[in-house]
Amino acid sequence: MKSKIKIFLMILISVGILFSGSMLYENRKIDVFVNAEETQKDVLFIGNSMTYYNTLCNVVQGIARRKGHNIKCSAATNGGKNLIYNAKADNVVTAIKKGGYEVVVLQDIVGSFDSERLMEGAGDIISVIKKYNPNAQIVFYEPWPIQSALTGKYSMLPYFTDGYVQVAKKFQAQLAPVGEAFYDIYVNHDLNYYCKDGKHPQPLGTFMAAATIYYTLYKEPFESFVETDQSYLNQLINNNVAFTTEGKKNTYLLNTLNLIMERSHYYADIVKEVVADTTGNLKYVSVAGEYIDPDIGMNPNNLPAVTGTETDKIFFQKNKGNLAVGRKVYASNEFQSAKNAVDGNEKTRWETEYFDPQWLYVDLGVETEIRTVGFMWEGAYASRYYIQISNDAEQWETVAYVTARSKQTVRIILDKIYKTRFVRMYGTRRGTNYGYSLYEIGVWKDGTNFVVPKIKVRKTKVKSAVKKKKSKKAKIKLKKIKGITGYQIKIGITKKLRKSRRISFKKSTFTVKKLGRKKQYYVKARTFKVSEGVRYYSKWSKIKKIKIMK
């Protein structure tokens, strides 16, 4: 009996020790360094995956509390979205309306970053923030470009930094120049904190973002962490690992953590002074080099931006009056030949290296009256470009300023008829991280004769769709339609076919391969007809559930 009591007491003491140790750790982790007299600062983070990777808001809160500040951070994010989107997103607007924030941290998109869209989105979202949080301090968090665009002669970082400095100045905000510190660590200290995707941060990349934001929020001298802080910092970083393949039991060297903190402090401190300058005398030059705006001098007459009119690919053929087909063409840069942009073939394209600006011009041979210019863009489109004309290919006149937010096949009707020999597309802003990619350029004399031929394509329906339970194939039988070129199906595992495959084929019966053995699939179909190189589709049929046979 005594031995049982002894064992029970030992277990009770052990549990007590573990419990008290846990309480002590939690107390040390959250409260022990917080200044109880300091009013709590509520901070809201708004951004995308660059904010929610490794739960950035928690890491900022952890650093601040360890440094003695009473701070509470939360986040409202949407992956892959910019501030224009987030200004209307339900979860973001709901978070803003909650109110009570002393600080709101804003982060824009990386992959298709555009400084004008940053400025537009900032205006949209700040107007909502100030309505419900009139005294909130706005902080912009500048991330870094993708890995392939971070370094080298054509680094995108100077463009990022210039855009964020300008927006911070305009809205009298603060700026956390994380991209600057990230570049410094990557280039000068040979520390790569990119994930394998070459875009998102590893845990120490997030720690760097948190450190820079911390020193933007609190203007104080740099002070190294000491050995007694290391365990806490490792716990903080590991406990917030999310959306990466990194483990949660990593040990990070104190010297490395202090290097990150010191570099973050350095850039936050420098940029803070420039952003606050109202005289215009202070200018910040990015650690990656000076940014030279390619739009300077391109629009001396202040032409308004136009988007053009979406048009059918058929009009880029020579027999539709396209004067550019078969002409000589010249380009600033060629990954793929510039000749591909004037060969009348929509399957070939001109492609450039991944930097701005880039240009391409066509020689019409003699001075010719023109009224319309068009472009058949591939996925790597130009988001900002100028249409220019010349008679000597040296002195250029801008006759249109064009902007876009997605790849399109467009035509731009000029304000009048111009007489010219050379027509140039001068791109100053890429719409993606890639270069400029153009299937065809079009030049026409007329500006109105673009009537799309009316080609009706009859619908089909899914007559039967069958898959054996253990098979990776499904047999699809459609209603046969006469006078068409082929059929196309859309097949996926959800009823709305959001994540699905598109497959085109010629006959009304088709076997789909490479399916999951035990998954349920859904399918719908349509027909198409090719006329003068252009595909015309019918409407989709109703979605049919694929029958699974034993």
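Numbering of residues begins at 1 and proceeds along the displayed sequence. Quick caveat, the model's predicted, so the values are computed rather than measured.
- Residues Ile129 and Ser127 fail the side-chain proximity criterion, which asks for heavy atoms closer than 4.5 Å.
- Between the Asn54 side chain and the Thr206 main chain, no donor and acceptor come within less than 3.5 Å of each other.
- Note: Ser383 OG to Arg117 CZ = 5.5 Å, rounded to the nearest 0.5 Å.
- Screening residues 255-266 for side chain to side chain donor-acceptor pair (under 3.5 Å) gives Asp184-Arg263, Thr212-Ser264 as the qualifying pairs, with residues at least two apart or on separate chains.
- Put simply, the side chain of Asp277 does not reach to within 4.5 Å of the side chain of Val274, judged on heavy atoms.
- Glu180 contributes a side-chain N or O that, together with a main-chain N or O of Val287, makes up a donor-acceptor pair within less than 3.5 Å.
- For the ring pair (Phe, Tyr, Trp, His ring centres under 6.0 Å) condition, the pairs that include at least one residue of residues 273-299, sequence neighbours left out, are Tyr159-Tyr291.
- The OH atom of Tyr186 lies 5.0 Å from the CG atom of Asn192; values are rounded to the nearest 0.5 Å.
- The shortest heavy-atom contact between Gly379 and Lys407 is CA-CD, 3.7 Å.
- The 12-atom threshold is not exceeded at CG of Asp190, counting heavy atoms of other residues, nucleotides or ligands nearer than 6.0 Å.
- Around atom CG of Asp90, no more than 12 heavy atoms belonging to other residues, nucleotides or ligands sit under 6.0 Å away.
- Residues Gln107 and Met50 come closest through the heavy atom pair NE2-CB, 3.6 Å.
- By the 6.0 Å and 45° rule, Lys67 stacks over the aromatic ring of Phe225.
- Nearest approach of Ala400 to Ile412, heavy atoms of both residues: CB-CG2, 4.1 Å.
- Checking side-chain atoms of Gln202 against main-chain N and O of Tyr194 turns up a donor-acceptor pair under 3.5 Å.
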Fill in: Verdict with supporting geometry, Val402 and Ile387, side chain to side chain contact (heavy atoms under 4.5 Å, CB included)
CA-CA 8 Å; Val402 191; Ile387 297 173; 4.1 Å; yes
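- In this structure, the separation between CD on Gln230 and CG on Leu257 is 6.5 Å, given to the nearest 0.5 Å.
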I would like to know whether Val104 and Ile96 meet side chain to side chain contact (heavy atoms under 4.5 Å, CB included); could you show each step before the answer? CA-CA 9 Å; Val104 180; Ile96 292 172; 5.9 Å; no
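- Residues Tyr164 and Pro143 form a side-chain contact, since some pair of their non-hydrogen atoms from C-beta on lies under 4.5 Å apart.
- Screening Trp359, Tyr401, Tyr426 for a ring-ring contact (aromatic ring centres under 6.0 Å, His included) with Tyr386, the sole residue that qualifies is Tyr401.
- A salt bridge links Asp295 with Arg429: at least one charged nitrogen is closer than 4.0 Å to a carboxylate oxygen.
- A side-chain donor-acceptor contact under 3.5 Å links Gln61 to the backbone of Cys73.
- For Tyr354 and Tyr154, the gap between ring centers reaches or exceeds 6.0 Å.
- Taking the ring axis of Phe171 as reference, the NZ or CZ atom of Lys130 does not stay both within 45° of it and closer than 6.0 Å to the ring centre.
- The shortest heavy-atom contact between Leu118 and Gly163 is CD2-O, 3.7 Å.
- Judged purely by atom type and a 3.5 angstrom limit, Lys490 has no side-chain atom pairing as donor or acceptor with the backbone of Arg498.
- Of the inter-residue distances, the one linking Ser231 atom OG with Leu236 atom CG reads 11.0 Å to the nearest 0.5 angstrom.
- Side-chain contact between Asp108 and Asn48 is absent, with no heavy-atom pair separated by less than 4.5 Å.
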Side-chain donor/acceptor pairs under 3.5 Å, residues 76-83, sequence neighbours excluded:
{"from": "Asn78", "atom 1": "ND2", "to": "Asn86", "atom 2": "OD1", "distance (Å)": "2.8"}
{"from": "Asn78", "atom 1": "ND2", "to": "Asn91", "atom 2": "OD1", "distance (Å)": "3.0"}
{"from": "Asn82", "atom 1": "OD1", "to": "Ile84", "atom 2": "N", "distance (Å)": "3.2"}
{"from": "Asn82", "atom 1": "OD1", "to": "Tyr85", "atom 2": "N", "distance (Å)": "3.0"}

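- Few gaps surround CD on Glu220; more than 12 heavy atoms of other groups in view lie less than 6.0 Å from it.
- Residues Tyr214 and His69 meet the side-chain proximity criterion, which asks for heavy atoms closer than 4.5 Å.
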Begin from the C-alpha positions of Tyr521 and Ile548 and carry the test side chain to side chain contact (heavy atoms under 4.5 Å, CB included) through to its verdict. CA-CA 9 Å; Tyr521 283 88; Ile548 298 177; over 6 Å; no
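- Checking side-chain atoms of Tyr215 against main-chain N and O of Asp269 turns up no donor-acceptor pair under 3.5 Å.
- Within 6.0 Å of the NZ atom in Lys199, the count of heavy atoms belonging to other residues, nucleotides or ligands exceeds 12.
- Taking Val187 as the reference, Thr151, Tyr183 meet the side-chain contact (heavy atoms from CB on, under 4.5 Å) condition, with sequence neighbours excluded.
- In the model, Thr161 has a side-chain atom that pairs as donor or acceptor with a side-chain atom of Glu142 under 3.5 Å.
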Point to revise | Steps toward side chain to side chain contact (heavy atoms under 4.5 Å, CB included) verdict (Tyr132, Lys98) | key: CA-CA 8 Å; Tyr132 299 96; Lys98 182 181 177 182; over 6 Å; no
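- By the side-chain contact (heavy atoms from CB on, under 4.5 Å) test, Ala380 pairs with Glu378, Thr432, Tyr434, Ser437, sequence neighbours left out.
- A search for side-chain contact (heavy atoms from CB on, under 4.5 Å) contacts involving Ala87 returns Asp124, Ile125, not counting sequence neighbours.
- For the pair Tyr436/Arg430, a side-chain contact is recorded, criterion being any heavy-atom separation below 4.5 Å from C-beta on.
- Ile185 places a side-chain heavy atom less than 4.5 Å from the side chain of Leu259.
- Taking a 6.0 Å sphere around CD of Gln520, one finds it holds more than 12 heavy atoms contributed by other residues, nucleotides or ligands.
- Put simply, CG on Leu204 and CZ on Phe182 are 10.0 Å apart, with the number rounded to the nearest 0.5 Å.
- Between Thr244 and His200, the side chains place no donor N or O within less than 3.5 Å of an acceptor N or O (distance only, hydrogens not considered).
- Side chain of Gln408 to backbone of Glu310: no donor-acceptor contact under 3.5 angstrom is found.
- Nearest heavy-atom pair across Val226 and Leu254 is C-CD2, 3.6 Å.
- Nearest heavy atoms, Ala211 versus Ile63: N-CD1, 4.0 Å.
- Between Ile491 and Tyr522, the closest side-chain pair of non-hydrogen atoms is not below 4.5 Å.
- No donor-acceptor pair closer than 3.5 Å links the side chain of Thr352 to the backbone N or O of Glu334.
- Between Tyr267 atom OH and Leu175 atom CG the span is 13.5 Å, to the nearest 0.5 Å.
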Audit row: Phe207, Tyr252, ring-ring contact (aromatic ring centres under 6.0 Å, His included) steps and yes/no: CA-CA 11 Å; Phe207 183 76; Tyr252 300 104; 8.3 Å; no
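- In this structure, the ring of Tyr193 has its center no less than 6.0 angstrom from the ring center of Trp144.
- Electrostatic pairing of Asp356 and Arg384 does not count as a salt bridge here, judged by no charged N lying under 4.0 Å from a carboxylate O.
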